[in-house]
There are 2 protein chains.
Amino acid sequence: MEQAELVQKFKTHGYKMTPQRRAIIETTTGSLSHLSAEEIHQIVSKRMPDIALATVYNTLRELVAIGAAREMNLSNDARRYEFSQDMHSHFVCLVCGKIQDVQTDQHKLASLFKLNSGNYAIRYEATIYGYCPNCAPVGIEK
Amino acid sequence: MEQAELVQKFKTHGYKMTPQRRAIIETTTGSLSHLSAEEIHQIVSKRMPDIALATVYNTLRELVAIGAAREMNLSNDARRYEFSQDMHSHFVCLVCGKIQDVQTDQHKLASLFKLNSGNYAIRYEATIYGYCPNCAPVGIEK
DNA sequence: CTCACTGCAAACTATTTGCATCGTA
DNA sequence: TACGATGCAAATAGTTTGCAGTGAG
């Protein structure tokens, strides 16, 4: 989503546009994603040193609410956020926790499942767990 | 995994078999899965009132370590555990959080992804988010 | 000028850890 | 008998909330 579009959408939903929110939006739209609230707070703090971590959490919740961000619960540590609109899957290293995006044919993915009647699917996600190049144990073929 | 097999595997890995661990194993092997540590603690507490929640957490960690349980991080609340060996996917209701198992052809699922070179996959998981029959908003076709 | 938003600190929740005691092997 | 496991309580980590002051619309 474009920044301008995002700012607009934010207002449409009845939120006021504050400098804090603008800074967070600018940071996250340009970001590589997979960031935690803590990491986003650190980045934004560089140019806005007084911003509170709670404000970051609040804004992230709002971004999720308007569909501009998605939460990722891939591992046991902090929640991570994703800001791109395109759906893809994730490769998570079991050792170091590093997350890589993996492109996915959403249509093929969806076609694999036969849902119980009455269930209505909104989105499909796949996660692949394994070893990244740095963490592969010896003996595991490349 | 059979209970006896599991008890054996537990010992093989150098763990002592205590009444607490046995009770947890018996509870989880017979369970419907998707239980949180708290829920498992409550169930086991009925027949062993003094068992500590920390013991449940420790035992769960061990079960994961020996491959007899898997952790699920599907939503924002407590971690849930799965004890069946067969791989399947999950349907998670965005409203009530209810989790349903969905059978998956693991081979087809794996074939959808082209991993970056050097990555080694251990397992593939898919999660479908949507509305369960009880929570489907009006206007959403069944 | 109002009421939503902010920063701060305290509260909360899930999980882990330290330690004295207990009990399996 | 030794040392790993237990229960308890305290510690930790991530996230949320309450509140008085601030500022966007």
Side-chain angles (χ1 to χ4, degrees), chain A residues 6-28 34-66 69-81 97 99, chain B residues 6-27 34-66 69-81 97:
Chain A
L6 197 44
V7 170
Q8 186 51 47
K9 193 166 186 182
F10 222 84
K11 292 183 183 172
T12 305
H13 281 259
Y15 297 113
K16 293 183 178 173
M17 187 46 54
T18 65
Q20 290 85 345
R21 284 173 176 170
R22 192 179 302 276
I24 292 168
I25 288 174
E26 284 169 5
T27 298
T28 56
H34 306 161
L35 297 174
S36 65
E38 183 72 52
E39 287 166 345
I40 293 169
H41 179 245
Q42 281 175 22
I43 296 171
V44 177
S45 292
K46 285 179 192 158
R47 60 154 140 159
M48 187 177 277
D50 287 343
I51 190 170
L53 179 55
T55 299
V56 175
Y57 273 108
N58 289 334
T59 304
L60 285 170
R61 192 193 309 124
E62 292 148 10
L63 286 169
V64 170
I66 68 176
R70 266 170 297 135
E71 295 179 339
M72 307 168 55
N73 290 293
L74 298 185
S75 61
N76 289 341
D77 50 349
R79 207 133 90 203
R80 292 179 176 277
Y81 291 84
I99 301 169
Chain B
L6 196 45
V7 170
Q8 187 50 48
K9 192 166 188 183
F10 221 84
K11 292 183 183 172
T12 304
H13 282 258
Y15 298 113
K16 292 182 179 174
M17 187 47 54
T18 65
Q20 290 86 344
R21 284 173 175 171
R22 192 179 302 275
I24 292 168
I25 289 173
E26 285 169 5
T27 297
H34 308 161
L35 297 173
S36 65
E38 182 73 51
E39 287 166 343
I40 293 168
H41 179 246
Q42 280 176 21
I43 296 171
V44 177
S45 291
K46 285 179 193 159
R47 60 153 139 160
M48 186 177 279
D50 288 342
I51 190 171
L53 179 55
T55 299
V56 175
Y57 273 107
N58 289 335
T59 304
L60 285 170
R61 190 192 312 124
E62 292 149 11
L63 287 169
V64 170
I66 67 175
R70 268 172 294 136
E71 295 179 340
M72 307 167 55
N73 289 294
L74 298 186
S75 62
N76 289 339
D77 49 350
R79 208 133 90 202
R80 291 177 176 279
Y81 291 85

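Only heavy atoms go into these numbers, but all of them, side chains included; no hydrogens, no water, no symmetry mates. Chain letters run A, B, ... following the sequence lines, proteins first, then strands; residues in each count from 1.
Under the 4.5 Å side-chain criterion, counting only non-hydrogen atoms from C-beta, A/Ile40 is in contact with A/Thr28. The shortest side-chain heavy-atom distance between B/Asn58 and B/Arg61 falls under the 4.5 Å cut-off. Two residues are said to be in side-chain contact when any heavy atoms from C-beta on lie closer than 4.5 Å; A/Arg21 and A/Glu62 meet this criterion. Side-chain contact between A/Tyr81 and A/Leu63: absent, with no pair of heavy atoms (C-beta onward) separated by less than 4.5 Å. Considering only heavy atoms from C-beta on, A/Asn76 comes within 4.5 Å of B/Arg79 through its side chain.
B/Asp50 comes within 4.0 angstrom of the backbone, heavy atoms only, and of no base. Nucleic acid contact class of A/Pro19 (heavy atoms, under 4.0 Å, all strands): sugar-phosphate only.
At C/dG23, none of the side-chain N or O atoms of B/Gln20 fall inside 4.0 Å of OP1 or OP2 (strictly under the cut-off). Contact between the side-chain N/O atoms of A/Arg21 and the OP1/OP2 oxygens of C/dC5 is found at a separation under 4.0 Å. For C/dA4, the OP1/OP2 oxygens have no side-chain nitrogen or oxygen of A/Thr18 closer than 4.0 Å. Checking the phosphate oxygens (OP1, OP2) of D/dT16, a side-chain nitrogen or oxygen of A/Arg79 falls inside 4.0 Å.
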Practice problem: Start with the C-alpha distance between B/His34 and B/Glu39, add both sets of side-chain angles, then the distance that settles side chain to side chain contact (heavy atoms under 4.5 Å, CB included), and finish with yes or no. | Solution: CA-CA 10 Å; B/His34 308 161; B/Glu39 287 166 343; over 6 Å; no
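If B/Ile51 and B/Asn76 are placed on DNA chain D by their nearest nucleotide, the residue sitting closer to the 5' end is B/Ile51. Positionally, the nearest nucleotide of DNA chain C for A/Glu62 lies more toward the 5' end than for the other of A/Glu62 and B/Tyr15. Residues B/Ser36 and A/Asn58 each lie close to DNA chain C; by heavy-atom proximity, the contact nearer the 5' end of the strand is made by A/Asn58.
Listed nucleotides C/dA14, C/dC5, D/dT16 differ in distance to B/Tyr57; the shortest reach to its side chain belongs to C/dA14.
To the nearest angstrom, P of C/dA4 lies 15 Å from CZ of A/Phe10. Between the CD1 atom of A/Ile40 and the C1' atom of D/dG14 there is a distance of 14 Å, rounded to whole Å. The separation between A/Leu63 atom CG and C/dC5 atom P is 13 Å, rounded to whole Å. Atoms NZ (A/Lys16) and P (C/dC1) sit 15 Å apart, rounded to a whole Å. In this structure, B/Arg61 atom CZ and D/dG4 atom C1' are separated by 14 Å, rounded to whole Å.
For the helix from C/dC1-D/dG25 to C/dA25-D/dT1, the angle separating the two terminal helix axes comes to 40°, with each axis derived from five pairs and the value rounded to 10°.
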